[in-house]
Visitor: 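Take this structure first; my questions come after.
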Protein chains: 2
Amino acid sequence: MFSVDNFFSFSPMKSRSTLKHIAEHLHLSISTVSRALKDHPDIAAHTKQKVRELAELIEYEPNAFAIQLRTNASKVIGVIVPEISGYFYHAFIAGLEDEARSWGYSLMILQSGNDPETESANLRLCRMNRAAGILVAAASGTTDLSPFDRTDAAGIPVVFFDKVPESRQFPKVSMADAEAGFLSADTLISKGRKNILALFGDHALSITRKRLKAFQGTFQRHAPDSRLTIRHARSQQESRQITFDAICLEEYDAVFAMSDEILAGAMKAILQRRLRIPDDIGVLAISTGLIPSLYEPEISYIETSGEKLGKRSFEILHKCMSKAAPHGEFLVPATFIEKGSL
Amino acid sequence: MFSVDNFFSFSPMKSRSTLKHIAEHLHLSISTVSRALKDHPDIAAHTKQKVRELAELIEYEPNAFAIQLRTNASKVIGVIVPEISGYFYHAFIAGLEDEARSWGYSLMILQSGNDPETESANLRLCRMNRAAGILVAAASGTTDLSPFDRTDAAGIPVVFFDKVPESRQFPKVSMADAEAGFLSADTLISKGRKNILALFGDHALSITRKRLKAFQGTFQRHAPDSRLTIRHARSQQESRQITFDAICLEEYDAVFAMSDEILAGAMKAILQRRLRIPDDIGVLAISTGLIPSLYEPEISYIETSGEKLGKRSFEILHKCMSKAAPHGEFLVPATFIEKGSL
DNA sequence: AACATTATCGCAAACCTTTGCAATAAAGTT
DNA sequence: AACTTTATTGCAAAGGTTTGCGATAATGTT
């Protein structure tokens, strides 16, 4: 019938493997070829056979651009994060990619660098590429939500995660911060820790306030006689300094760190003072899990899994994309992972 | 002339802002509008003015699909890595994104999970999406390079990074492993360490062999009287066990870890034995930088920066995309970062 | 006044695929 | 024999943009 050679002699390889070429060499119409390849019932079995054979032979691969133009939809999900690196987002992205791939979607990753302007430009990119949906961890400076409105109006669902704005307009998925705070306090109480240095992040951040509120509330309710020393740190260095000063001044039962960054700082101070864990001092953190696994003994922690958040976020976004618009805020539960530090 | 209202009354917002609509409402042809928007000299100044105004008013955003179909090229770079998370790749991706964005490119991130089949599928995805170029950290099981050939034949440049195959066909960019090995040895020697426990990864990996060879060679040449204990570990746990056993049996000057994972294991053993750094024992690692910064004192390390590798990789790929095909292997230099552990 | 130049702009094809509908031929039904 | 079904395939439009070339009118040149 035909060989690879004489096919290619007609059209030299150069990505010229289109429906049209298959059609020409089989003396069929483009539409027939198109239907044959997607197993349309209208097409005769022997025709399908021939088409499939040639398609395989010349390694036909559909042109995504044409399909996307025709259907005006892509299988790409835009992801906008302040930074890819750092303690948290890469885990999120990994989990998200896993889930997305199993549904046939790919990820388009954009960093905002915490700059609302870049964020807006990235959003525009997603619109131009007709992303199927967008996941956003808002830049800390973002107050104007109109760029997101525009995206939403263009029919591209937007779901916020982790750093979510106040607005109730968009679906949001975040860690169960209150639960994590509660669980932290509960764990410390049940381990009999009474005199605790509790390190939190920037008080301006809602995540800090949520965790702190639940943490304090739980102590007041279930162990009002405990001694709680609350401190706030805005960086690893600050956390270290605060911890060091504190443990030099006084003996604590335990140190609690509300995040990986804070934990890293606190651990430095503890290592510097050469305190024994858990005998001299107990340690508990809210964490993604990597950092706690680096010490000896490993640090017990309340897990706020980036992977899980990623998977969950995709689920919510996926619902949004299939017209069944969910609404409100969704929480990824926190769980206690026991290691040897308490 | 016209108002927003009566424009929208004609065509209700629904992402219907195309060149065609601008043309109709301005009684111009599509081509004129297209040219006006890209400041083509053929178009009269006042026409450009009007077009731009309306375009802005209705928030015109070009349809990327149509452009890509027309030009058969996208501004997307495919990135295939074994895993996004882990000690290294997220830093790479972050650096790459930074550089790519400044050139107007976006990233499409795919995980292979170290599975050659998934890798091949991801490659196909990149082809279908006519990626402008592809960066690949090969899955460890990948031996058949034909999927990459096919991509290359389709006119999409492929550049390998980090995990690079033996083949000399594709450009490769990787860390200067030999240099890192040399630098490590040199640093240990110049700090006067004589009895060293040196921990390396899986000997089957080329990265291990390169670093080890340079490391050993340097000692033989510059400090042949040193006592080197070489050990191989395939995981954090193994590294820890090996280190623990070793430092229980004998007193070492220093511990050297050839990677973050190995370092993490070694540090656990050191912490467990409560050895003082750097007095009881010195520590040096080849690392990305995050892990060493978590201990007290921070660990000195030879930096193999994922960010830098990302930026460099983009540069090489960028050259490939502009027909100036570079060739061979490119190395990102390693530098010594001094902290307090030696 | 006849011609050449310049400034603007529109036509139409091309990129590749999908899909409603029409067309054709073969087979079955009365 | 006239008719309806069924099976198979093709036509053509649509999706939005880019671009070579042709068209028109206005201006400049001899």
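Excluded from the calculations below are hydrogen atoms, water molecules and symmetry mates; all remaining heavy atoms, backbone and side chain alike, are included. Proteins get letters first, then strands, A, B, ... in listed order; numbering begins at 1 in each.
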Visitor: Between C:dA14 atom P and B:Arg70 atom CZ, what is the distance in whole Å?
Guide: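 Nearest whole value for this atom pair: 10 Å.
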Visitor: Phosphate oxygens OP1/OP2 of C:dT17: is one of them under 4.0 Å from a side-chain N or O of A:Lys20?
Guide: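 Looking at the OP1 and OP2 atoms of C:dT17, neither is under 4.0 Å from any side-chain N or O of A:Lys20.
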Visitor: A:Ile77 versus A:Phe314: any side-chain heavy-atom pair under 4.5 Å?
Guide: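 Counting from C-beta outward, A:Ile77 and A:Phe314 do come under 4.5 Å.
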Visitor: Answer whether the closest heavy-atom distance between the side chains of B:Lys75 and A:Leu125 falls below 4.5 Å.
Guide: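 Counting from C-beta outward, B:Lys75 and A:Leu125 never come under 4.5 Å.
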Visitor: Do B:Ser174 and B:Glu329 meet the criterion of a side-chain donor-acceptor pair at a distance under 3.5 Å?
Guide: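 Side-chain D/A pair, B:Ser174 to B:Glu329: present.
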Visitor: Can you classify the ring geometry of A:Phe170 versus A:Phe148 as parallel (below 30°), tilted (30 to 60°) or perpendicular (above 60°)?
Guide: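 If you compare the ring of A:Phe170 with that of A:Phe148, the planes turn out perpendicular.
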Visitor: What distance separates A:Phe161 CZ from A:Lys172 NZ, expressed to the nearest 0.5 Å?
Guide: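 Interatomic distance, A:Phe161 CZ to A:Lys172 NZ, rounded to 0.5 Å: 14.5 Å.
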Visitor: Give the angle between the helix axes at the two ends of the helix from C:dA1-D:dT30 to C:dT30-D:dA1, taking five base pairs at each end and rounding to 10°.
Guide: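 Comparing the axis at each end, I get an angle of 60°.
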Visitor: Could a donor-acceptor pair under 3.5 angstrom be found where the side chain of B:Thr71 meets the base of C:dC15?
Guide: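 Answer no: no donor N or O sits under 3.5 Å from an acceptor.
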Visitor: Hey, is the side chain of A:Thr18 pairing donor to acceptor with the base of C:dC15 inside 3.5 Å?
Guide: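 For A:Thr18, whose side chain was compared with the base of C:dC15, there is no donor-acceptor pair (under 3.5 Å).
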Visitor: I'd like a list of close polar pairs between nucleotides 6-9 of chain C and the protein, N/O only, cut-off under 3.5 Å.
Guide:
from: C:dC9; atom 1: OP1; to: B:Thr47; atom 2: OG1; distance (Å): 2.8
from: C:dC9; atom 1: OP2; to: B:Ala44; atom 2: N; distance (Å): 2.9
from: C:dC9; atom 1: OP2; to: B:Thr47; atom 2: OG1; distance (Å): 3.1
from: C:dC9; atom 1: N4; to: B:Asp42; atom 2: OD2; distance (Å): 3.2

Visitor: Using whole Å, report how far CE of A:Met128 lies from C1' of D:dT17.
Guide: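 Taking CE of A:Met128 and C1' of D:dT17, I get 11 Å after rounding.
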Visitor: Please report the C-alpha distance between B:Glu53 and B:Lys50 in whole Å, then the side-chain angles of each, then the deciding distance to 0.1 Å, and finally whether the salt bridge (charged side-chain N to carboxylate O under 4.0 Å, His left out) criterion is met.
Guide: CA-CA 5 Å; B:Glu53 273 174 10; B:Lys50 283 199 300 180; over 6 Å; no
Visitor: Rounded to the nearest angstrom, tell me the gap between atom CG in A:Leu19 and atom C1' in D:dG10.
Guide: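 Nearest whole value for this atom pair: 14 Å.
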Visitor: Rounding to a whole Å, what distance do you find between A:Asn129:CG and D:dG16:P?
Guide: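 For the pair A:Asn129 CG and D:dG16 P, the rounded distance is 16 Å.
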Visitor: Below the 4.0 Å mark, does D:dT17 have OP1 or OP2 next to a side-chain nitrogen or oxygen of B:Ser34?
Guide: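 Result: no.
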Visitor: Please determine, by modelled atom types, if A:Gln68 and A:Asn129 share a side-chain donor-acceptor pair under 3.5 angstrom.
Guide: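 The criterion, which ignores hydrogens and geometry beyond distance, is not satisfied for A:Asn129 and A:Gln68.
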Visitor: Would you call A:Arg101 and B:Thr118 a side-chain contact if the rule is heavy atoms closer than 4.5 Å?
Guide: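 Heavy-atom side-chain distance check passes, below 4.5 Å.
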Visitor: Go through the steps for B:Arg127 and B:Arg150 under the test side-chain contact (heavy atoms from CB on, under 4.5 Å), then give the verdict.
Guide: CA-CA 9 Å; B:Arg127 264 176 277 143; B:Arg150 188 182 307 178; 3.2 Å; yes
Visitor: Rounding to a whole Å, what distance do you find between A:Asn72:CG and D:dG16:C1'?
Guide: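 Atom CG in A:Asn72 sits about 10 Å away from atom C1' in D:dG16.
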Visitor: Starting at NZ of B:Lys38 and ending at P of D:dT19, how long is that distance when rounded to a whole Å?
Guide: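 For the pair B:Lys38 NZ and D:dT19 P, the rounded distance is 6 Å.
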Visitor: At a heavy-atom distance below 4.0 Å, what parts of residues 60-69 of chain A sit against DNA chain D?
Guide: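 The answer is A:Ala66, A:Leu69.
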Visitor: Which heavy-atom pair separates A:His25 from A:Leu54 by the least distance, and what is that distance?
Guide: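 In this case the closest contact between A:His25 and A:Leu54 is CB-CD2, 4.3 Å.
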Visitor: For the residue pair A:Leu309 and A:Ser313, establish whether any side-chain heavy-atom pair is separated by less than 4.5 Å.
Guide: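 Yes - at least one pair of side-chain heavy atoms lies under 4.5 Å apart.
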Visitor: Write down the distance between CG (B:Leu37) and P (D:dT19), rounded to a whole number of angstrom.
Guide: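 Whole-Å distance recorded here is 14 Å.
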